[in-house]
J.: 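Just dropping this structure here.
Excluded from the calculations below are hydrogen atoms, water molecules and symmetry mates; all remaining heavy atoms, backbone and side chain alike, are included. Note that the structure is predicted; figures quoted are calculated from it, not measured. Lettering follows sequence order; numbering is per chain, from 1.
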Amino acid sequence: MKLPLRGGKFCHGVPSPMRLSRLVTHTSKESSRSEVSLNAQLLTRAGYVSRLMAGVYQFLPLGLRVLTRIENIIREEMNALGGQEILMPTLHPREPWAKTGRWDTLDVLYRLSSEGGVVAPGTACDLALGPTHEEIVTPLVAGFVHSYRDLPTVVYQIQTKFRNEPRPKSGLLRGREFRMKDMYSFHTNQDDLDDFYNRAVVAYRRVYERCGLGDRTLLTYASGGSFSRYSHEFQTLTPYGEDTIYRIPDTELAINREIVGDLDAVRDIIPGYKPGDEKMLQEHKAIEVGNIFKLVTRFSDPFGATYTDRDGERCPIIMGTYGMGPSRLMGAIVECLSDDHGMIWPESVAPYRVGLINLKPGAADVDALGADLEQRLAAIGIETLYDDRTESAGVKFADMDLLGLPWQVIVGPRGLAKGVVEVKKRADGQRQEISVESLLSHFTGG
RNA sequence: CGGGGCGUGGCGCAGUCUGGUAGCGCGCAAGUUUUGGGAACUUGAGGCCGCGGGUUCGAAUCCCGCCGCCCCGACCA
């Protein structure tokens with residue numbers, strides 16, 4: 001049994017290793033009655049997140065570590081694509097939203113009044129909380145782009161977004177406040193946009209692959225806007241998904257229900273498609289974990305975002321937009337990768353790689369072995385959560401299964417007498433007795 | 001925004017119909033016995049029964065209003 005190395009050190013201030021006896025959160029046997037979705041039940045029972053109000057969650061130490069890891073994977077892939085990370089404000093003035101018309105048409109937009117006090121119906125509002133950032137990023141980037149030499153250019157941010165969903169639900173899958181990576185690309189022409197768009201598809205696939213959802217995430221044709229026939233969604237197959245999609249057999253492609261009735265559109269996607277062929281499409285429930293879209297000049301027109309080409313002509317900048325929700329992705333991973341005992345995190349996003357279980361705290365020799373292993377795992381860079389609590393063995397096994405760390409290392413008097421510890425792989429439950437030395441060398445890949 | 005359901009110690013629930021000293025399980029604290037898959041017993045702490053008004057000698061319970069939460073639907077760059 002090999003314990004593969006994972007690249008990338010964890011990068012915020014949570015000490016590693018951590019002891020369960022010191023962790024601010026606790027597990028719970030029962031989940032809140034008002035949490036119905038699997039992801040919210042497991043995440044709250046395990047103490048990863050806590051709900052503040054409908055559609056708004058707080059991320060606790062374990063949950064924040066997962067979220068940060070997901071965001072770092074996204075960050076790496078967007079950087080590799082040539083994206084430059086920025087951070088735009090959450091608080092927006094009314095004016096750019098009015099300019100594109102979305103102040104009045106985007107009903108999930110939170111509108112505020114800077115006059116303060118209660119915003120009653122009919123009150124003049126002059127601020128918004130950002131649900132997406134086309135209105136902000138377009139004038140921002142246009143201010144730096146004057147020549148075709150400045151293009152293409154790509155910026156992105158990872159940030160908390162606000163949408164006043166009429167009905168938040170399904171835990172992290174549909175919140176009013178949520179994390180979003182939003183990227184915007186700027187081009188001189190449609191071909192260049194198309195080329196970048198296609199490379200973004202590949203980068204998105206890499207993100208889902210690295211998050212453990214690659215084999216069940218489909219590129220899905222969805223309705224387009226006025227400048228392109230389709231947008232593309234990335235849909236992760238799960239029975240708990242909110243969307244209905246139709247998979248094209250023998251491909252990694254699907255068609256969203258919203259356009260599957262449009263015969264012309266489907267023929268465009270599947271050449272030779274005829275009425276009656278619907279039965280070849282397999283219906284699935286899925287969660288949208290990404291959405292990419294060719295904006296073309298939808299936003300550069302209202303803002304007058306132009307560049308000067310080789311001939312000295314002023315031309316509109318051609319744009320694309322690329323969204324992905326890290327917090328929703330986190331919920332999707334839980335929905336897809338869990339069993340009756342709890343969550344099963346892929347190594348790439350797990351809050352800790354190893355859960356170290358001391359079965360008999362208080363026994364000097366077991367405590368000594370536990371502390372020694374804790375230190376030696378830390379020394380070789382294995383992030384470890386040490387269960388040093390005085391709880392029964394059953395409680396500890398159940399809790400560690402619920403927490404879903406990829407590996408469990410179990411130390412107890414029985415193994416100690418034989419000079420071994422046990423290693424359990426959470427994903428398949430396989431256990432193996434192993435000496436301390438070979439345990440460490442497995443973790444270092446030796 | 002329509003339809004339905006629910007608010008009772010930290011969590012999960014009973015009690016509401018038929019008004020009369022607020023209960024159970026889990027968790028928490030202390031103790032004893034346990035100790036490799038959610039241990040047992042004993043003792044204990046912890047409640048403006050969502051909020052406001054009303055009826056009544058008396059309201060968790062009945063009436064009116066409000067707030068919050070969940071589910072189904074509508075909606076979902």
J.: Please encode protein proximity along nucleotides 67-72 of chain B as a string of B, S and -, counting only heavy-atom distances under 4.0 Å.
T.: --SSSB

J.: In whole angstroms, how far is the P atom of B:A74 from the CZ atom of A:R257?
T.: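 So the two atoms are 8 Å apart, to the nearest Å.
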
J.: Name the atoms and distances for all side-chain donor-acceptor pairs under 3.5 Å in residues 135-142 of chain A, with sequence neighbours left out.
T.:
{"unit_1": "A:E135", "atom_1": "OE1", "unit_2": "A:R102", "atom_2": "NH1", "d": "2.8"}
{"unit_1": "A:E135", "atom_1": "OE2", "unit_2": "A:T100", "atom_2": "OG1", "d": "2.6"}
{"unit_1": "A:E135", "atom_1": "OE2", "unit_2": "A:R102", "atom_2": "NH1", "d": "3.2"}
{"unit_1": "A:T138", "atom_1": "OG1", "unit_2": "A:E134", "atom_2": "O", "d": "2.7"}

J.: Would you mind reading off the distance between A:L359 atom CG and B:U35 atom P, rounded to a whole angstrom?
T.: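 The distance from CG of A:L359 to P of B:U35 comes to 14 Å, rounded to the nearest Å.
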
J.: Could you give all pairs that pass the side chain to side chain donor-acceptor pair (under 3.5 Å) test and reach residues 388-405 of chain A, with sequence neighbours left out?
T.: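 Listed by first then second residue: A:S21-A:D388, A:T27-A:D399, A:D387-A:R389, A:R389-A:D399, A:D401-A:Q408, A:D401-A:K424.
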
J.: Taking the same atom, P, in B:C26 and in B:A22, what whole-Å distance lies between them?
T.: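 To the nearest whole Å, 23 Å.
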
J.: On the side chain of A:E30, is there an atom forming a donor-acceptor pair with the base of B:G10 - under 3.5 Å, no angle test?
T.: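 Such a pair does not exist between side chain and base.
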
J.: Assign A:S28 to base, sugar-phosphate, or nothing according to its heavy-atom contacts below 4.0 angstrom with the strands shown.
T.: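 A:S28: no heavy atom of the nucleic acid under 4.0 Å.
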
J.: Considering every strand shown, what is the Watson-Crick or G-U wobble mate of B:C62 when both distances are under 3.5 Å?
T.: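 In the structure as shown, B:C62 has B:G54 as its Watson-Crick or wobble partner.
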
J.: Is there side-chain contact between A:H232 and A:T220, with heavy atoms separated by less than 4.5 Å?
T.: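 They are not in side-chain contact.
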
J.: Assign A:A398 to base, sugar-phosphate, or nothing according to its heavy-atom contacts below 4.0 angstrom with the strands shown.
T.: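 Answer is base: heavy atoms of A:A398 come under 4.0 Å of a base.
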
J.: State whether A:S392 places a side-chain N or O below 4.0 Å from either non-bridging phosphate oxygen (OP1 or OP2) of B:A39.
T.: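 So the side chain of A:S392 is within the cut-off, an N or O lying under 4.0 Å from OP1 or OP2 of B:A39.
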
J.: Within residues 97-108 of chain A, find the residues that approach RNA chain B with a heavy atom at under 4.0 Å, and present them sorted by residue number.
T.: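 Result for residues 97-108 of chain A: A:R102, A:L106, sorted by number.
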
J.: Using whole Å, what does the distance between atom P of nucleotide B:A77 and atom CD of A:Q159 come to?
T.: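 It is 20 Å, rounded to the nearest whole Å.
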
J.: Could you tell me the separation between the CD atom of A:E134 and the P atom of B:A77, rounded to a whole number of Å?
T.: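 Atom CD in A:E134 sits about 13 Å away from atom P in B:A77.
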
J.: Could you tell me the Watson-Crick or G-U partner of B:G68, where both distances fall under 3.5 Å? Say none if there is no partner.
T.: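 Here B:G68 is engaged in a pair, and the nucleotide opposite it is B:C6.
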
J.: Is A:D126 paired with A:R111 through a side-chain N to carboxylate O contact shorter than 4.0 Å?
T.: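 So A:R111 does not pair with A:D126 through a salt bridge.
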
J.: Atom CZ of A:F178 to atom P of B:A77: distance rounded to whole Å?
T.: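 Checked: the CZ to P distance equals 12 Å.
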
J.: Look at all strands and tell whether A:G323 reaches a base, only sugar-phosphate, or nothing, counting heavy atoms closer than 4.0 Å.
T.: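 Counting heavy atoms under 4.0 Å across all strands, no contact is made by A:G323.
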
J.: Short question: side chain of A:K181, backbone of A:Y322 - any donor-acceptor pair under 3.5 Å?
T.: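 Present.
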
J.: Under 4.0 Å, counting only non-hydrogen atoms across every strand here, what does A:S32 touch: a base, just sugar-phosphate, or nothing?
T.: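 The answer is sugar-phosphate, as A:S32 gets under 4.0 Å only of primed atoms, P, OP1 or OP2.
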
J.: Using both distances under 3.5 Å as the test, list the Watson-Crick or G-U wobble partner of B:C76, or none.
T.: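 None - no nucleotide pairs with B:C76, as no candidate has both distances under 3.5 Å.
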
J.: Please give, in whole Å, the distance from B:A77 C1' to A:E288 CD?
T.: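 The answer, rounded to whole Å, is 8 Å.
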
J.: Distance check, C1' atoms only: B:A60 and B:G15, in whole angstrom units.
T.: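 Straight-line distance between the two C1' atoms is 8 Å.
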
J.: A:E209: what forms a side-chain contact (heavy atoms from CB on, under 4.5 Å) with it, not counting sequence neighbours?
T.: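 By the side-chain contact (heavy atoms from CB on, under 4.5 Å) rule, A:E209 matches no residue at all.
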
J.: Enumerate the residue pairs fulfilling side chain to side chain donor-acceptor pair (under 3.5 Å) with a member in residues 167-177 of chain A, sequence neighbours excluded, ordered by first and then second residue.
T.: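 For residues 167-177 of chain A, and leaving out neighbouring residues, the side chain to side chain donor-acceptor pair (under 3.5 Å) pairs sorted by first residue read A:E165-A:R174.
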
